Amino acid sequence: MELIDIGLNLAHDSFDADRAMVIERARHLGVVQMVVTGSSEDSTRRAIELSRSLPGVLFATAGVHPHHAADLTPETLAPLEALAHEPEVVAAGECGLDYFRDLSPRPLQRRAFEWQLEIAARVGKPVFLHQRDAHEDFLAILRAHGVKRGVAHCFTGGEKERDAYLELGLHIGITGWINDERRGLNLREVVRQIPADRLLIETDAPYLLPRDIRPAPGSRRNEPAFLPYVVRAIAKARGDDPEAVAATSTQAARALFGLPAT
Ligand SMILES: [Zn+2]
């Protein structure tokens, strides 16, 4: 199996002690390419640096997460756009709206989101999207900006959200949320009606450790080597072979982000 983890926070400090080993373990299990999430100007810079250290294997996104939306100002916008231009960067974001945690005021979240959609349009790259408890505002902004190319990452929504994103032309990213024997039940239904060429897989490491790993790792840290657990859970929910989910999601990720074949 050749897998692509389209969203992991590899610049996170929980990987500082053993990042090279984490990457090696994942590659050994067939995770041939990984898109490292930039969620602030600083983590974007680190994601780009990491990508340069392993060209063709690691790629980056350039963005400011809604939690940090207050950090994106008219002054910090130009440096972010410059980063989004870098050749290692395959998407603008992580950007979007998070009304669940509300760590930045909502008007600032909407402003930062719209600015980043404008950056994506100017640099001609897809968007890496985050949304939680903000579907109506999120959809209205996507529509107003005519967004057609991107991924709704860490999708945990229902049929209504799924169908709205598919209608726009977006891809949908599924994490180990689906492995959760309670929280993942609804997602196991919803994932059945995502066309294979729109379905992407991700760990969102170090977060969202799949709960069905046996033996359960001593640390709660998720890592890209656990991506096959996500593939198997998706395949089981859809009644597909894991090999088929792997092949189609890899092809879809390469098409969306313009990644080279390995
Ligand atoms: Zn996210």
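Just so it is clear, the structure is predicted and the values come from calculations on it, not from any experiment. For ligands, and for the atoms within them, numbers begin at 1 and follow the listed sequence.
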Under 4.0 Å between a side-chain nitrogen and a carboxylate oxygen: does that hold for Arg45 and Glu86?
no
Centre of Tyr99's six-membered ring, under 6.0 Å away, within 45 degrees of the axis: is that where NZ or CZ of Arg106 sits?
yes
What's in the same ILVMFWY side-chain cluster as Ile213, cut-off under 4.5 Å, chained through other members?
Leu209, Phe226, Tyr229
Does some side-chain heavy atom of Arg198 sit less than 4.5 Å from a side-chain heavy atom of Leu170?
no
So, leaving waters aside, the tally of protein N/O/S atoms less than 2.8 Å from the Zn ion (ligand 1) stands at 3
Between His153 and Glu94, do the side chains contain an N or O donor and an N or O acceptor separated by less than 3.5 Å?
yes
Once you measure the plane-to-plane angle for His65 and His67, does it fall in the parallel (<30°), tilted (30-60°) or perpendicular (>60°) bin?
tilted
